[in-house]
Asks: 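Got a structure for you, written out below as structure tokens; questions coming shortly.
None of these values were measured; they are calculated from a predicted model.
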Amino acid sequence: MTLIVGWLACDQRGPCSAYIASDSRISDNRNFYDYSQKTFALKNTPDILGYCGETLFTYQILTRLTSMCDVGMLLSEDMDYQDRSEIIFNEIKRAHSAYKLNNGIIKIYHIGRNKKRIFDANVYFWNGIIWENIKIHTDFKKSKNLFSDGSGKKEYDENFLRFKNGNNESTSRNYFHCFCDIVKNVKDKHTGGIPQLVGLYNGSKFNGMYHGTIVDGQAYYQGLKMGNVYGMSNIRWYNENFEICDWNTKQREANAMVQPISKKATP
């Protein structure tokens, strides 16, 4: 399974960004692998996706959809969110109709920006019998959790009560603080590895974006530990405080906002 969380970030003007965070572990009842990609960002359209549940089919279809969209197939830049959502959902259903290896539950979460620069979200849900396309409410004026799911959901939701009542209430960073805290300390054996993050922003020039994470002084991209490779500065890096970091020093950038962790008041 997994732990996946999506949230909406708002400032004084309203919604300004949205994020999906996931752990990096896939597992069966005996073994686990902590370097699996579970979050996806489309570079030509304002869409981000993530999943929980069955892993083999879901990873295959999302990597294929991402590669198709990134070379200009399937979706066009002038499509509104609803059209993009329907196309993605139908492609998933079509591919799954030929899949016979297992009948595991699948949940694929999709957050996108529409032409009015408003964020929309859906979950594409295979319940073992039929596919459902379920709309997620996004009409909020303050930062808000849109969903949490997977085998680590219960621990995340319980842990968030401590953060919710702290001094970071109604801030976007609060969700990422709680997420990183529970991934590091989770009891659920099917949740683990390094947090991975994708983001989407309000401006019309921004499409889906992959972000790197800095954890315990190490740089990770989609759950995989990175050495000093070419192009590290091409993406934005966040530490566990949700502060923008310099990938080289692994420290908060000099001009980046400090994002202190909540005092975690007892609920």
Side-chain angles (χ1 to χ4, degrees), residues 1-7 18-28 31-43 47-70 88-89 91-92 95-96 99 101-102 104-112 121-126 136 145-157 175-176 178-186 188-200 208-215 218-226 235-238 240 242:
M1 291 292 284
T2 194
L3 173 61
I4 185 171
V5 175
W7 70 94
Y19 300 90
I20 297 175
S22 173
D23 73 326
S24 301
R25 176 172 292 182
I26 57 174
S27 61
D28 55 24
N31 303 298
F32 61 84
Y33 176 69
D34 276 348
Y35 310 102
S36 180
Q37 181 181 1
K38 296 183 180 180
T39 56
F40 301 83
L42 304 188
K43 71 178 185 180
D47 299 284
I48 53 177
L49 302 102
Y51 76 90
C52 66
E54 192 276 347
T55 59
L56 181 57
F57 167 80
T58 315
Y59 175 77
Q60 295 291 327
I61 187 61
L62 287 179
T63 52
R64 185 174 299 119
L65 287 175
T66 301
S67 65
M68 291 173 66
C69 293
D70 286 352
I88 289 173
F89 178 57
E91 283 297 308
I92 292 169
H96 189 258
Y99 185 73
L101 296 182
N102 63 61
I105 301 299
I106 300 170
K107 289 184 179 179
I108 298 173
Y109 286 92
H110 178 191
I111 302 177
N122 289 68
V123 56
Y124 312 131
F125 177 34
W126 171 254
I136 298 172
N145 192 79
L146 299 179
F147 55 83
S148 58
D149 211 338
S151 58
K153 170 182 169 59
K154 184 175 184 293
E155 289 185 64
Y156 172 85
D157 291 347
Y175 300 104
F176 194 63
C178 178
F179 181 84
C180 292
D181 181 73
I182 202 63
V183 170
K184 184 171 285 187
N185 299 293
V186 69
D188 172 48
K189 66 180 181 180
H190 299 295
T191 300
I194 297 297
Q196 52 187 265
L197 181 71
V198 289
L200 186 61
M209 297 177 66
Y210 289 102
H211 297 310
T213 53
I214 306 292
V215 178
Q218 298 291 334
Y220 296 85
Y221 181 73
Q222 295 299 296
L224 186 65
K225 184 177 178 180
M226 303 300 295
I235 65 169
R236 183 177 291 178
W237 295 86
Y238 286 93
E240 294 169 282
F242 209 44

Asks: Using the side chain to side chain donor-acceptor pair (under 3.5 Å) criterion, which residues pair with K107? Sequence neighbours excluded.
Replies: D149
Asks: What heavy-atom pair brings D34 and G192 nearest, and what distance separates the two atoms?
Replies: OD1-C, 4.0 Å
Asks: By side chain to side chain contact (heavy atoms under 4.5 Å, CB included), which residues pair with K225, not counting sequence neighbours?
Replies: Q218, Y220
Asks: Report the residues that fulfil side chain to side chain contact (heavy atoms under 4.5 Å, CB included) with D28, sequence neighbours left out, ordered by chain and then residue number.
Replies: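 D28: side chain to side chain contact (heavy atoms under 4.5 Å, CB included) contacts with R30, N31.
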Asks: Under the side chain to side chain donor-acceptor pair (under 3.5 Å) test, which residues partner R64, sequence neighbours left out?
Replies: none
Asks: With side chain to side chain contact (heavy atoms under 4.5 Å, CB included) as the criterion, how do T63 and F40 come out once you've worked through the C-alpha distance, each side chain's angles and the decisive distance to 0.1 Å?
Replies: CA-CA 8 Å; T63 52; F40 301 83; 3.6 Å; yes
Asks: Heavy atoms only: give me the nearest S148-Y156 pair and the separation to one decimal.
Replies: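 So the two residues come closest at CB-CD2, 3.8 Å.
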Asks: Please walk me through it: do F89 and I108 pass side chain to side chain contact (heavy atoms under 4.5 Å, CB included)?
Replies: CA-CA 9 Å; F89 178 57; I108 298 173; over 6 Å; no
Asks: Would you please name every residue forming a ring-ring contact (aromatic ring centres under 6.0 Å, His included) with F179, sequence neighbours left out?
Replies: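 ring-ring contact (aromatic ring centres under 6.0 Å, His included) list for F179, sorted by chain: empty.
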Asks: Starting at CG of L3, measure out to CG of D23 and round the result to the nearest 0.5 Å.
Replies: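 CG of D23 is found 6.0 Å from CG of L3.
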Asks: Can you name the nearest heavy-atom pair linking A95 to I61, along with the distance?
Replies: CB-CD1, 3.6 Å
Asks: Does R25 reach the main-chain N or O of K189 with its side chain, forming a donor-acceptor pair under 3.5 Å?
Replies: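 Answer holds: yes.
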Asks: Is there a side-chain contact between F57 and I106 in this structure, where contact means two heavy atoms from C-beta onward sitting under 4.5 Å apart?
Replies: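 Yes, side chains in contact.
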Asks: Using ring-ring contact (aromatic ring centres under 6.0 Å, His included) as the criterion, list what pairs up with F242, not counting sequence neighbours.
Replies: Y19, F176, Y238
Asks: Mind checking what makes side chain to side chain donor-acceptor pair (under 3.5 Å) contact with S24, not counting sequence neighbours?
Replies: Q196
Asks: Can you sort out the partners of N102 under side chain to side chain contact (heavy atoms under 4.5 Å, CB included), two or more places apart, ordered by chain and number?
Replies: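 Listed in chain order: E54, Y99.
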Asks: Within the 4.5 Å heavy-atom criterion, are I88 and Y124 side-chain neighbours or not?
Replies: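 Touching, per the 4.5 Å side-chain cut-off.
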Asks: Sequence neighbours excluded, which residues qualify as ring-ring contact (aromatic ring centres under 6.0 Å, His included) partners of F125?
Replies: none
Asks: What's the verdict on side chain to side chain contact (heavy atoms under 4.5 Å, CB included) for I111 and F147, showing C-alpha distance, side-chain angles and the deciding distance?
Replies: CA-CA 11 Å; I111 302 177; F147 55 83; 4.0 Å; yes
Asks: Grab the two heavy atoms, one from T2 and one from C52, that are nearest each other, plus how far apart they are.
Replies: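 Where T2 meets C52 most closely, the heavy atoms are CG2-CB, 2.9 Å.
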Asks: Looking at residues at least two apart in the chain, or sitting in another chain, which of them share a ring-ring contact (aromatic ring centres under 6.0 Å, His included) with Y59?
Replies: none
Asks: For the backbone of M226 and the side chain of Y221, can you confirm whether one donor and one acceptor N or O come within less than 3.5 Å of each other?
Replies: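 No: the side chain of Y221 does not pair with the backbone of M226.
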Asks: How long is the gap from CD1 on I4 to OH on Y51, to the nearest 0.5 Å?
Replies: 9.5 Å
Asks: Got a donor-acceptor contact below 3.5 angstrom from the D47 side chain to the L42 backbone?
Replies: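 No; judged by distance alone, with no hydrogens or angles, the pair does not exist.
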Asks: List in chain and number order the residues that pass side chain to side chain donor-acceptor pair (under 3.5 Å) with K184, two or more places apart in sequence or in another chain; answer none if no residue qualifies.
Replies: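 Applying side chain to side chain donor-acceptor pair (under 3.5 Å) to K184 gives D216, E240.
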Asks: To the nearest 0.5 Å, how far apart are CG in L146 and CD1 in I136?
Replies: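 Here the interatomic distance stands at 6.5 Å.
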Asks: Taking T213 for its side chain and P195 for its backbone only, find out whether a donor-acceptor pair lies under 3.5 Å.
Replies: yes
Asks: Taking side chain as C-beta onward, heavy atoms only, is I26 less than 4.5 Å from K38?
Replies: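 Touching, per the 4.5 Å side-chain cut-off.
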Asks: Taking all atoms of both residues into account, what is the closest heavy-atom pair of H211 and I235, and its distance?
Replies: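 Looks like C-CD1, 4.1 Å.
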Asks: Where is the tightest heavy-atom contact between A18 and I48, given as atom of each residue plus distance?
Replies: O-CD1, 3.9 Å
Asks: Could you tell me whether the side chain of I92 reaches within less than 4.5 Å of the side chain of L65, counting heavy atoms only?
Replies: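 Yes, close enough: below the 4.5 Å cut-off.
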